[in-house]
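Remarks on the structure that follows.
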There are 2 protein chains.
Amino acid sequence: MDQKSSITIHDIARELNISASTVSRALNDNPRISKATKEKIKAKALEMGYQPNTIASNLRNQKTNTIGIVVPLINRHFFSSFISGVEDVAFAAGYNVIISQSNDLLEKEKQIVHSLFSNRVDGLIASLSMQTDEFDHFQLFSKKEIPIVFFDRVVPELEAHKIVVDDFMVGFKATEHLIQQGYKRIAHLAGPTVLHTYRDRMAGYRAALEKNNMPIDEELIIYSRLTRIDGRDAIQQLLALPQPPDAAFCGNDTSALAMMVYLKKIGMKIPQDFGLIGFSDEPFSEVVTPSISTLKQPAFEMGLKAAELLIQEIESKNRLSKHLTITMPTELIQRESSSRIR
Amino acid sequence: MDQKSSITIHDIARELNISASTVSRALNDNPRISKATKEKIKAKALEMGYQPNTIASNLRNQKTNTIGIVVPLINRHFFSSFISGVEDVAFAAGYNVIISQSNDLLEKEKQIVHSLFSNRVDGLIASLSMQTDEFDHFQLFSKKEIPIVFFDRVVPELEAHKIVVDDFMVGFKATEHLIQQGYKRIAHLAGPTVLHTYRDRMAGYRAALEKNNMPIDEELIIYSRLTRIDGRDAIQQLLALPQPPDAAFCGNDTSALAMMVYLKKIGMKIPQDFGLIGFSDEPFSEVVTPSISTLKQPAFEMGLKAAELLIQEIESKNRLSKHLTITMPTELIQRESSSRIR
DNA sequence: TTGAAAGCGCTAACAG
DNA sequence: CTGTTAGCGCTTTCAA
């Protein structure tokens, strides 16, 4: 005897011989409704198995209690941890989260952003695709003053809030750490320099060398997409130099791992013969042998922060006129791959 | 001069001196509209920067083109890979995905399921929380004949489609592999046996021993929650036995890793002195030393399959009367930790 | 081929 | 404290 078509507030109203608006108000705990009728209505709603229709309410209220997320790929530790943080805050504040992945394709990112807009999300959290070099699609949101928070992959051109880490300091701290451990010729495996994040890290690398009066040798800087294959190719190329390096700061842990695997294969001792440090503290970095030194990016906390900021913006009547850039701390995690001293 | 309030089909209609219904039809490529007017309308829509309001359309159509996902935790490799698969198929078919995590809490799972229902998702994909021992909240969906697909953590009581792996075969294949590698006393670190998935794996373990005429020693079976600490405790306990094992099949890679770390620390050689095999092929298993043998669960493919099945159910008028259970293949990945022969 | 009108389910202004 | 009415933006029957 299951009611296949849904029960609405009108059904409840009819049963109780009252108006639908009263039912609506009671269900929303409007103070103008007497306690008695409220209880009567709620009891009836329960009895009839009433389930509110959020879409109808959304349409009427011009508010969906939904936030959209766009990331390059869900299935990556940094992004899934970030999303997990967002989801925690969002859920606690009564928001749903719609997630989409761009697969690092600009065209898909555009489609997603349009779709999220059409779904009238109350706010957007996004990390740009690797291909993204135009930003018109985000104007949709800014034009209508729907708040956006960018994170990780951001560009200065964007007029929006941002959650980032201090990439310059990342490069600086990583490099200086290697110097302190006594390494003399330090290479850098850089990511695509179209992305600021990689440019800044490289700048930090250079600054650390300069500060310590070490020469900057352009031969020791290799540009790549930081895949495993890139890491292996890079270390081969570096070792073939007339004066090969004795350490490397890699743009991510994946490429650092690839270097390590190769170095072990050809019989080099880590960290004695060669020092390594990566970035982002992937789960594997702690458990490989030797364990990989790295800088930890607080993905989950960044997600919390992004969601807090976004929801605050959504719910405040007067928006922050200024766009915030929140810089999250990174933590250097020293492990075996760079611990030459003691 | 930005139009803060959105442009609707009525605005377009007014500009063109036609009716809103014609605009709606043109935008939806209804064949009853002449090509000329269609083009005129589409051009105007573009010019005015029209963006359809999906919620209004959803309300009217009683269809949201949205599917809901509930998982225990987004930030876990298996689940995020699964979701990634779902998202791919869903996006291609024009569906949005709303994701929520239960954090393995029954109460949160219930809330989520209600919320997704109120948001009128067209279908649901779910993996149960560790606490879930009642299923009334899913009745909401089945009562209204909204399709559900369960995966990974499922129970037979559920009248719905299921995507699973053959856990019995997992246990059987893992154990038989160790036997073939010449191990003589094989332990099993089992997960919580309230969950079918772990019960079945243990049954497979027992069956493999029996088939090979090896005694089943209950001392060699340890029950735990498969954390890293559980793994370390278990191996200590096992080695303290009068007749310790020389190999172990662990319920997941995490606990296998924990065993490995401990065994290395006390100077045992893997795989010579002790053989190990885990389950699920975590990213780290391939890169640790020695690399960990395991069985790969095709997370991404399971996600694809789940989404395909769900969308097919959503879009077919006459639902499958029978509930499908799709068993996905697992693949034994032999690595160093169990390779004693040659 | 196009238009008028009604309605999806809910909420809020206004009236009482 | 409660009811009436209108409307969020879209689609669709019915009529022309």
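Convention: sequence-line order gives letters A, B, ...; per-chain numbering from 1. All heavy atoms count here, side chains included; hydrogens, waters and symmetry mates do not. In this text the structure is predicted, and so the values were computed from the model without any measurement.
Nucleotides of DNA chain C with any atom under 4.0 Å from a heavy atom of chain A span, from 5' to 3', C:dG9 to C:dC14. Boundaries of the chain B contact region on DNA chain D are D:dG9 to D:dC14, first to last in 5' to 3' order (nucleotide atom under 4.0 Å from a heavy atom).
Shown for residues 13-22 of chain A: residues whose heavy atoms fall under 4.0 angstrom of DNA chain C, namely A:Ser21. Near DNA chain D, meaning a heavy atom under 4.0 Å away, the residues from residues 24-32 of chain B are B:Ser24, B:Arg25, B:Asn28, B:Arg32. A heavy atom closer than 4.0 Å to some atom of DNA chain C occurs in A:Pro52, A:Asn53, A:Ala56, A:Ser57, A:Arg60, A:Asn61, these being the qualifying members of residues 52-62 of chain A. Residues of residues 110-124 of chain A having a heavy atom closer than 4.0 Å to DNA chain D: none are found.
Counting only distance, with no hydrogens or angles, the side chain of A:Asn119 and the backbone of A:Ser115 share a donor-acceptor pair below 3.5 Å.
Using modelled atom types and a 3.5 Å distance limit, the side chains of A:Thr132 and A:Ser129 yield a donor-acceptor pair. Judged by distance alone, the side chains of A:Ser21 and A:Ser24 never bring a donor and an acceptor atom under 3.5 Å apart. Under 3.5 Å, the side chains of B:Ser57 and B:Thr54 contain no donor-acceptor pair of N or O atoms. A donor atom on one side chain and an acceptor atom on the other are not found under 3.5 Å apart for B:Ser81 and B:Ser84. There is no side-chain donor-acceptor pair under 3.5 Å between A:Gln51 and A:Ser6.
Residue pairs meeting the ring pair (Phe, Tyr, Trp, His ring centres under 6.0 Å) criterion with at least one partner in residues 80-104 of chain A, sequence neighbours excluded, are A:Phe82-A:Phe151.
Salt bridge annotation for A:Arg153-A:Asp104: present, with a cationic side-chain nitrogen under 4.0 angstrom from a carboxylate oxygen. One finds no salt bridge joining B:Glu39 and B:Lys42 here, because no Lys/Arg side-chain nitrogen approaches an Asp/Glu carboxylate oxygen to under 4.0 Å.
Looking at residues two or more places apart in sequence or on another chain, you find a side-chain hydrogen bond (donor to acceptor under 3.5 Å, both in side chains) between A:Lys108 and B:Glu87. Annotation: side chain to side chain contact (heavy atoms under 4.5 Å, CB included) contacts of B:Glu47 (sequence neighbours excluded): B:Lys44. Listed by chain and residue number, A:Phe117 satisfy the ring pair (Phe, Tyr, Trp, His ring centres under 6.0 Å) test with A:Phe141 (two or more places apart in sequence, or in another chain). A search for salt bridge (Lys or Arg N to Asp or Glu O under 4.0 Å) contacts involving A:Asp122 returns A:Lys63, not counting sequence neighbours.
Counting heavy atoms from C-beta outward, A:Phe150 and A:Ser127 have side chains that stay 4.5 Å or more apart. Taking 4.5 Å as the limit, every side-chain heavy atom of A:Leu124 sits out of range of all side-chain heavy atoms of A:Ile67.
Counting only Watson-Crick and G-U wobble pairs whose two distances sit under 3.5 Å, DNA chain D takes part in these stems of three or more pairs: C:1-16 with D:1-16.
Contact detail for A:Asp152 and A:Phe79: the closest heavy-atom pair is OD2-CZ, 3.8 Å.
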